[in-house]
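One structure below.
Worth saying up front: this structure is predicted, and the values here are computed from it rather than measured. As the structure lists them, so they are numbered: ligands from 1, and atoms in each ligand from 1.
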Amino acid sequence: MTTRGFSGRRPSQDAAQRLPPGQYQTHDFPVLSMGPTPFVDLATWRFTLSDGPKPLASWSWPEFEALPRTTWRGDIHCVTKWSKFDTTWEGVSIDDLLAAAGAAPPTAYLLAESYDGYDTNLPVTDLIGGRAMIATRYAGAPLPAEHGGPARLLVPHLYFWKSAKWLKGLRFTARNEAGFWELRGYHLYGDPWREQRYTNDP
Ligand SMILES: Nc1nc2c(c(=O)[nH]1)N[C@H]1C(S)=C(S)[C@@H](COP(=O)(O)O)O[C@H]1N2
Ligand SMILES: [Mo]
């Protein structure tokens with residue numbers, strides 16, 4: 001039995017400061033997918049960077065695993081209003097990926113594209129400067145399939161729908177093209193601190 005004291009229903013002061021507007025803290029790790037979890041075989045897995053239709057660089061799983069590794073610990077925020085604190089991820093930062101590709105970003109926007117057909121759009125500036133990674137491990141273990149394994153995008157400063165699971169590639173686009181949820185009423189950018197949930201939110 002646990003004693004919660006008088007503040008049991010309210011987030012602690014620390015938690016309240018870490019919660020973006022309209023969010024609540026959860027301790028489990030909900031799974032949110034538009035369809036069934038796709039089976040992604042490591043033997044045929046490839047990750048590709050492209051400029052529109054033109055491939056710029058591509059990695060097999062062993063090649064990807066040999067790239068420099070980054071660890072990030074912090075909070076994630078889902079537009080369905082749960083936030084999870086102190087999550088730990090390991091993977092390859094987008095900075096290290098671009099360096100390995102020997103490529104400067106050719107445009108200011110991209111689409112993250114997934115093995116289940118999902119995609120989501122992001123400004124390139126939100127992915128570089130240590131702000132995003134392609135995560136292959138969560139909490140010290142290989143990323144579970146339902147959470148996007150073998151590899152998912154992690155962009156923790158935006159709502160979690162921007163963190164595409166089962167990532168197949170990043171495609172640079174000339175314009176900021178709406179992705180799966182952005183075409184279905186969700187905000188083009190999705191900053192949880194500005195509560196940018198739906199298309200017309202400021
Ligand atoms: N490929 C793919 N990525 C996806 C989704 C999806 O359906 N397919 N759902 C998004 C949504 S809406 C959220 S909230 C998070 C949920 O990640 P989780 O299931 O690991 O909590 O993944 C995002 N990435
Ligand atoms: Mo979501």
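Within the 4.0 Å heavy-atom cutoff, A164 counts among the residues contacting ligand 1. By the 4.0 Å heavy-atom criterion, Y138 is excluded from the residues contacting ligand 1. In this structure, F29 is part of the shell of residues with a heavy atom less than 4.0 angstrom from ligand 1. Contact analysis puts W181 in contact with ligand 1, with a non-hydrogen atom separation below 4.0 angstrom.
With hydrogens left out, the protein atom closest to atom 16 (C) of ligand 1 is L32 O, 3.5 Å, a heavy atom. Scanning the protein for heavy atoms near atom 24 (N) of ligand 1, the closest one is S163 O, 3.2 Å. Counting protein heavy atoms only, atom 22 (O) of ligand 1 is closest to R152 NH2, 3.3 Å. Looking from atom 14 (S) of ligand 1 to the surrounding protein, the closest heavy atom is C78 SG, 3.3 Å. Of the protein's non-hydrogen atoms, H147 ND1, 3.5 Å is the one closest to atom 18 (P) of ligand 1. Looking from atom 15 (C) of ligand 1 to the surrounding protein, the closest heavy atom is F160 O, 3.6 Å. The protein heavy atom nearest to atom 19 (O) of ligand 1 is K165 NZ, 2.6 Å. Of the protein's non-hydrogen atoms, M34 N, 2.7 Å is the one closest to atom 7 (O) of ligand 1.
Residue-ligand proximity, S114 to ligand 1, at heavy-atom distances under 4.0 Å covers atoms 1 (N). Interface of P30 with ligand 1, defined as ligand atoms under 4.0 Å from a residue heavy atom, comprises 18 (P), 19 (O), 21 (O).
Contacts with ligand 1 closer than 4.0 Å are made by heavy atoms of both the backbone and the side chain of W161. Only the side chain of W82 comes within 4.0 Å of ligand 1, counting heavy atoms alone; its backbone N, CA, C and O stay farther away.
The distance from atom NZ of K162 to atom OG1 of T120, rounded to the nearest 0.5 Å, is 3.5 Å.
In terms of the ring pair (Phe, Tyr, Trp, His ring centres under 6.0 Å) criterion, Y109 has no residue partners (sequence neighbours excluded).
S93 contributes no side-chain N or O that, together with a main-chain N or O of M133, makes up a donor-acceptor pair within less than 3.5 Å. Remark: the backbone N or O of D116 is not paired with any side-chain donor or acceptor of S114 at under 3.5 angstrom. With hydrogens and angles ignored, the 3.5 Å screen pairs no side-chain donor or acceptor of K168 with any backbone N or O of R46. A donor-acceptor pair under 3.5 Å is absent between the side-chain atoms of R152 and the main chain of L167, judged by distance alone.
Annotation: F29 is in aromatic contact with Y138 [ring centroid separation under 6.0 Å]. Aromatic pair W82/Y24: centroids not less than 6.0 angstrom apart.
Closest heavy-atom approach to atom 8 (N) of ligand 1 among the candidates D119, D116, L154: D116. Counting only non-hydrogen atoms, the option in W166, F180, Y118 that gets closest to atom 10 (C) of ligand 1 is Y118.
Cation-pi geometry between R184 and F180 is satisfied (NZ or CZ under 6.0 Å from the ring centre, within 45° of the ring normal).
Judged by distance alone, the side chains of T26 and D28 do bring a donor and an acceptor atom under 3.5 Å apart.
Ligand 1 has no nitrogen or oxygen under 3.5 angstrom from a nitrogen or oxygen of V31.
Both V40 and V92 sit in one connected hydrophobic cluster of ILVMFWY residues. Membership requires side-chain heavy atoms under 4.5 Å apart, directly or through other members.
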